[in-house]
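Read the structure below first, then the notes.
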Amino acid sequence: MDAGTWYRSLPRFTRYWLTATVGLSLLCRFGLLPMEYMYLSRDLVLTRFQLWRCITSLFVFPLSGATGFHFLINCYFITQYSKNLEKDQYARNPSDYLYLLIITAVLANLGGMVFNVYFLMDMLVVAITYIWCQLNKEVIVSFWFGSRFKAMYLPWVLAGIELIFHGSLASLVGIFNGHVYYFLKFQYPQELGGNAFLETPEFLKRIAPDVSGGISGFGVPPESRAPPPRQSANSAWGQGTPLGRN
């Protein structure tokens, strides 16, 4: 498969994310965009209202000889785990995936302001990876030097490496952000029987309408442990068997 075919095969929002990240980072690397206007700064956002930093800091990565490999690893994770999440779990509901990206981006900005993280790529990538790994906990993934382990451990391995070698908490904050989404989207309503707080707004559904047909949902949300609703004693209907289950 040539590069153009591979690029076009990426699902829509993963492709947009990768394009914005690579494009803006290269423009800053070659001095075509001023890096001093790209990074996240709590003071500049809150006191001078330079709100664009909340967006540029999500896509711009400070490229250099020392950070180039780290950047490529992040791009690889986007093309793997964002692609798989969007293509499998959200294939029929692209607006839900767009909403996921918006929520994790907002949480990344909050985390960046609290912990003074200037560039948010690591947070966003790890948050998306964490959500995929939670939906595919038992899948075996390959890592450096031929190591293989269950997907549920991958975000923690990434966070440990970043903490040890870079002294950064960004990946740990990314795990927290991913868990906030996963808990509110899947665990709380499906496993604990709570309200669904993360219903996708209608205006996003108009931007990215649902897709009918196809196959989706390869990830496995947690099974519900909420008690079943009581059925009236004089009801004429049995419980039946839910569609799609044996």
Side-chain angles (χ1 to χ4, degrees), residues 13-14 16-64 66-67 70-71 73-75 77-78 82 85 95-131 155 158-159 161-163 165-185 188 195-204 206-208:
F13 296 114
T14 296
Y16 294 165
W17 181 11
L18 181 67
T19 302
T21 296
V22 173
L24 289 175
S25 298
L26 288 176
L27 288 174
C28 288
R29 177 68 179 90
F30 293 113
L32 300 177
L33 286 177
M35 184 66 78
E36 61 268 22
Y37 290 107
M38 300 293 119
Y39 67 90
L40 183 67
S41 168
R42 180 176 57 218
D43 293 336
L44 293 176
V45 170
L46 298 180
T47 63
R48 300 190 183 182
F49 303 105
Q50 296 182 4
L51 301 180
W52 69 83
R53 294 178 183 272
C54 296
I55 298 175
T56 57
S57 59
L58 293 166
F59 302 111
V60 172
F61 190 84
L63 282 174
S64 68
T67 64
H70 187 91
F71 176 74
I73 292 295
N74 275 343
C75 290
F77 272 73
I78 292 173
S82 175
L85 193 58
S95 60
D96 289 354
Y97 191 68
L98 175 58
Y99 195 39
L100 182 159
L101 291 175
I102 292 172
I103 291 170
T104 51
V106 170
L107 292 173
N109 271 278
L110 294 175
M113 291 184 191
V114 171
F115 294 99
N116 291 320
V117 178
Y118 300 130
F119 300 99
L120 306 178
M121 185 181 186
D122 286 345
M123 277 191 203
L124 199 55
V125 167
V126 171
I128 298 301
T129 302
Y130 177 87
I131 295 167
L158 297 175
I161 290 174
E162 187 166 1
L163 183 62
F165 291 101
H166 302 285
S168 172
L169 296 174
S171 290
L172 285 174
V173 178
I175 289 175
F176 174 80
N177 294 345
H179 187 71
V180 168
Y181 177 88
Y182 178 76
F183 178 79
L184 293 177
K185 179 66 175 180
Y188 185 63
N195 295 325
F197 291 112
L198 297 184
E199 291 295 327
T200 303
E202 284 300 321
F203 78 92
L204 291 181
R206 289 193 291 270
I207 294 173

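We count residues from 1, following the sequence as given.
Under 3.5 Å, the side chains of Asn177 and Thr104 contain no donor-acceptor pair of N or O atoms.
For the ring pair (Phe, Tyr, Trp, His ring centres under 6.0 Å) with Tyr188, the lone residue among Tyr181, Tyr182, Phe197 that qualifies is Phe197.
Put simply, OG1 on Thr21 and CZ on Phe59 are 6.0 Å apart, with the number rounded to the nearest 0.5 Å. Atom CD1 in Ile175 sits 11.0 Å away from atom CG in Leu169 (nearest 0.5 Å). In this structure, CZ on Arg29 lies 8.0 Å from OG1 on Thr67, to the nearest 0.5 angstrom. The distance from the CG atom of Leu27 to the CE atom of Met35 is 10.5 Å, given to the nearest 0.5 Å. In this structure, CG in Leu198 is found 11.0 Å from CZ in Phe183, a value given to the nearest 0.5 Å. The structure places CZ of Arg42 at 14.0 Å from CZ of Arg53, a figure rounded to the nearest 0.5 Å.
In this structure, Leu58 and Leu124 have side chains that are in contact, with non-hydrogen atoms separated by less than 4.5 Å. Between Leu107 and Phe176 the shortest side-chain heavy-atom distance does not fall below 4.5 Å. Between Leu18 and Cys75, some side-chain heavy-atom pair lies under the 4.5 Å cut-off. Between Ile78 and Met121 there is a side-chain heavy-atom pair separated by less than 4.5 Å. For the pair Asn109 and Val45, the minimum side-chain heavy-atom distance is 4.5 Å or more. The shortest side-chain heavy-atom distance between Val60 and Tyr39 does not fall under the 4.5 Å cut-off. Side-chain atoms of Ser82 and Tyr97, non-hydrogen and from C-beta on, do get closer than 4.5 Å to each other. Side-chain contact between Ile128 and Leu85 is present, with heavy atoms from C-beta onward closer than 4.5 Å.
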Test side-chain contact (heavy atoms from CB on, under 4.5 Å) on Val173 and Val114; report intermediate values, then the result. CA-CA 10 Å; Val173 178; Val114 171; over 6 Å; no
Output, in order, the C-alpha distance, side-chain angles, deciding distance and verdict of side-chain contact (heavy atoms from CB on, under 4.5 Å) for Val117 and Leu40. CA-CA 7 Å; Val117 178; Leu40 183 67; over 6 Å; no
Chi angles and distances behind the side-chain contact (heavy atoms from CB on, under 4.5 Å) call for Leu33, Leu24: CA-CA 8 Å; Leu33 286 177; Leu24 289 175; 3.7 Å; yes
For side-chain contact (heavy atoms from CB on, under 4.5 Å), just list the numbers for Ser57 and Met123, CA-CA rounded to whole Å, side-chain angles, deciding distance to a tenth of an Å, and then say yes or no. CA-CA 11 Å; Ser57 59; Met123 277 191 203; over 6 Å; no
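Closest non-hydrogen pair, Ala159 versus Ser171, comes out as CA-CB, 3.6 Å. Of all the heavy atoms in Ala208 and Ser95, the pair that sits closest is O-CB, 3.3 Å.
Annotation: ring-ring contact (aromatic ring centres under 6.0 Å, His included) contacts of Phe61 (sequence neighbours excluded): His70, Phe71.
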